[in-house]
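Report on the following structure.
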Amino acid sequence: MPTLEATIHQLLSEALQKAYNLSRDHILIEQPKDKTNGDYSSNLAMTLAKELRNNPFVIAETIKEHIELPEMFDRVEVARPGFINFYVSKDYFTGIIPEVLAQQETFGNSKTGNQQKINIEFVSVNPTGSMHVGHARGAAAGDSMARIMKKAGFDVTKEFYVNDGGNQIHNLALSINARYHQLFDKALDMPEDGYHGPEIIDLAQSIKAEHGEKFILENGYDYFRDYGVEFLLNGIKDDLKAFDVDFDVYFSERTLYEQGEVEKTLQILKDQGYTYKQDDALFLKTSLFGDEKDRVIIKRDGTYTYLMPDIAYHQNKLSRGFDKLIDILGGDHHGYIPRLKASIQMLGGQEDTLSIDILQMVKVLKEGSEVKMSKRSGKAITLRDLIDDVGKDAIRYFFSKHSLNTHMDLDLDLAIKKSTDNPVYYAQYAHARIHSLFDKASEQGYSVDETLKAYTHLTHEHAQDILKLLLNYQNVVEEAATKRIPHKITNYVHELAGALHSFYSAVPILKGDATHIVEHLNLLKATQIVLKDALYLIGVSAPRSM
RNA sequence: GUUCCGGUAGCUCAGCAGGAUAGAGCAACAGCCUCCUAAGCUGUAGGUCAGGGGUUCAAAUCCCCUCCGGAACGCCA
């Protein structure tokens with residue numbers, strides 16, 4: 001059915017035309033917080049007051065007189081200082097139930113994305129250690145965003161960039177070498193920028209188990225490097241899987257060198273005249289596209305900076321035909337945005353071809369003081385530990401609750417101690433509660449009737465609240481997708497669960513005559529379908545019992 | 001010094017393409033299970049929306065300034 005917003009927009013446009021011979025493209029229609037102000041409301045009259053040099057209240061009245069109100073509305077009223085409020089008739093909302101039952105988990109799907117090809121890159125943590133808490137926020141955000149955008153009709157590819165080619169991998173090989181030698185009581189200091197995490201010791205032990213002292217006798221550098229990357233990347237993939245995050249593509253930085261794409265991209269930049277040599281280094285003129293200064297892409301020692309292969313990587317993404325690239329980066333990388341966006345434009349992209357969403361940092365507190373998340377020091381709290389101690393669903397819900405640019409504090413002791421009253425259970429409980437009611441109903445011989453079209457008993461305030469939320473689901477999905485704000489979905493989940501709990505408490509669901517009960521069951525079924533789908537969008541499971 | 005975030009109830013945070021009496025969770029207080037799962041419901045209390053100016057019929061929301069907190073300002077990645 002057409003959205004009520006669209007219908008009201010149409011009514012107001014026509015009335016405005018008749019009353020004042022005016023037309024407006026944008027007419028704001030919103031749902032008032034206070035139900036006494038109607039189900040939908042418009043400020044149209046107030047926006048016209050100046051132009052028409054008249055009292056907005058009078059204008060609103062005039063518009064109202066020209067509205068031909070369809071049956072789905074009870075009435076329309078004007079309120080001070082000039083709101084036009086629409087009251088929907090109670091029967092109308094129940095029309096959403098058969099729709100949800102028919103469409104199941106595709107309910108709320110939207111065509112907004114127009115099947116635009118989107119590449120969304122996130123996590124992309126270096127394979128030099130385990131994933132820690134800070135990475136988890138990016139994983140949760142990127143994965144949820146991808147799921148939501150898919151539902152909103154975008155063609156989404158989730159991608160992980162594996163930094164297996166740069167200097168940090170050199171340091172990794174040296175770190176493994178040192179740990180390996182230490183296993184044979186040969187004192188070898190860790191390199192200056194080495195990785196001190198315990199997983200590197202595990203890694204060395206694993207090599208020792210397989211090859212004994214082979215690499216004491218011969219140089220193991222190449223082997224350590226390749227084995228280390230593979231070992232750690234597999235660990236990261238395992239952790240992601242446990243976090244319910246998966247990727248369509250793991251893209252290796254090293255292949256960019258092997259395929260000559262770095263050189264090719266460099267040549268394009270040179271050919272276009274975007275480079276120049278200075279102090280024996282090669283600079284890229286990123287300042288032409290809004291960066292505060294030009295950036296070095298080849299250092300004086302002849303090696304590339306991080307930027308150069310990253311440009312080649314984005315060029316590769318563009319060559320695969322994506323309409324839009326989205327990178328999700330941590331707040332500590334915000335300074336990197338202008339140079340990367342500038343580079344994209346040099347390669348023929350538009351200003352908005354690449355969007356970089358910044359995720360503010362997570363401050364982790366343990367025993368009252370901050371734990372710095374650094375792989376070099378090896379002291380970080382790993383994602384794996386967190387999943388074991390707090391639970392996947394609780395963590396994903398926690399991250400998904402907050403907007404991307406909120407600076408978050410995560411108190412570990414509190415999170416572990418209070419894991420049982422995490423708000424995630426509020427939502428999951430609502431889902432389980434419905435399921436339990438179905439069991440009870442079936443014992444009494446009742447079940448959902450998907451052929452039922454007419455509803456007459458769902459007039460309770462709390463039932464109406466649920467119906468309105470169901471009606472809003474698609475709008476919420478669209479807004480979350482286009483604004484890229486996954487936490488909008490979490491807020492919705494919380495509201496829907498709350499409406500369900502209130503309804504449950506206020507109305508005896510399995511009491512009364514048969515039609516009554518079946519209408520209730522249908523309402524619950526629709527609620528359960530949407531609740532489960534919305535939870536899926538934020539990567540949280542919907543248990544049948546708790 | 002420059003740039004990017006944030007500052008909303010005791011705490012953690014929503015709300016910010018301007019709208020009607022600023023919300024939720026936790027914590028506090030008072031009620032609700034002979035009745036479908038009390039991981040729930042209902043109610044009370046709690047706010048100078050950091051501060052100051054401006055735009056507007058209307059500002060937590062938009063603009064400017066100041067203060068406080070976080071982050072970044074590499075030929076590191």
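Below, read A as the first sequence line, B as the second, and so on, with proteins coming before strands; counting in each chain starts at 1.
Between Y426(A) and C41(B) there is a side-chain N or O to OP1 or OP2 distance below 4.0 Å. The phosphate of G6(B) (OP1 or OP2) has a side-chain N or O of N405(A) nearer than 4.0 angstrom. Side-chain N/O atoms of S403(A) include one lying less than 4.0 angstrom from OP1 or OP2 on A14(B). Residue R433(A) has a polar side-chain atom (N or O) positioned under 4.0 Å from OP1 or OP2 of A38(B). Side-chain nitrogen and oxygen atoms of K401(A) include none within less than 4.0 Å of the OP1 or OP2 phosphate oxygen of U12(B). Between K299(A) and G74(B), a side-chain N or O to OP1/OP2 separation shorter than 4.0 Å is absent. Phosphate proximity of U21(B) to K33(A): absent, as no side-chain N or O sits under 4.0 Å from OP1 or OP2.
Looking at N43(A), its side chain comes within 3.5 Å of the base of G19(B) through a donor and an acceptor atom. Not a single donor-acceptor pair, N or O on each side, falls under 3.5 Å between the base of C41(B) and the side chain of H501(A).
Taking the side chain of E292(A) as heavy atoms from C-beta on, and the options C13(B), C73(B), C75(B), the nearest nucleotide is C73(B). Here the side chain of D332(A) is nearest to one of A77(B), C13(B), A71(B), namely A71(B). Here C41(B) is the nucleotide among G25(B), C41(B), G19(B) with the atom lying nearest to any side-chain atom of S505(A). Nearest nucleotide to the D34(A) side chain, out of A77(B), U21(B), C75(B): U21(B). For Q168(A), the side-chain atoms get nearest to A77(B) when compared with the rest of A77(B), A39(B), U56(B). Considering only the side chain of K50(A), C57(B) comes nearest among C75(B), C57(B), C36(B). The T305(A) side chain lies nearest to A77(B) when the options are A77(B), A20(B), G40(B).
With a 6.0 Å radius and a threshold of 12 heavy atoms from other residues, nucleotides or ligands, K299(A) has its NZ atom above the threshold. More than 12 non-hydrogen atoms from other residues, nucleotides or ligands lie less than 6.0 angstrom from CD of Q444(A).
Closest non-hydrogen pair, A427(A) versus L535(A), comes out as CB-CD2, 4.2 Å.
In this structure, F83(A) counts as stacked on the base of A20(B) under the 5.5 Å centre distance and 30° plane angle limits. Put simply, H333(A) rests on the base of A77(B): the two rings are less than 5.5 Å apart at their centres and nearly parallel, under 30°.
Across the strands present, G25(B) finds its partner in C11(B); the criterion is a Watson-Crick or G-U wobble pair with both atom distances under 3.5 angstrom.
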Derivation of the salt bridge (charged side-chain N to carboxylate O under 4.0 Å, His left out) call for E461(A) and K35(A) | CA-CA 10 Å; E461(A) 186 192 350; K35(A) 290 170 201 164; 3.2 Å; yes

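Centroid-to-centroid, the aromatic rings of H431(A) and H435(A) stay 6.0 Å apart or farther.
Atom NE2 in H487(A) sits about 8 Å away from atom P in C16(B), given to the nearest Å.
Base orientation of C33(B): syn, the glycosidic angle falling within 90° of 0.
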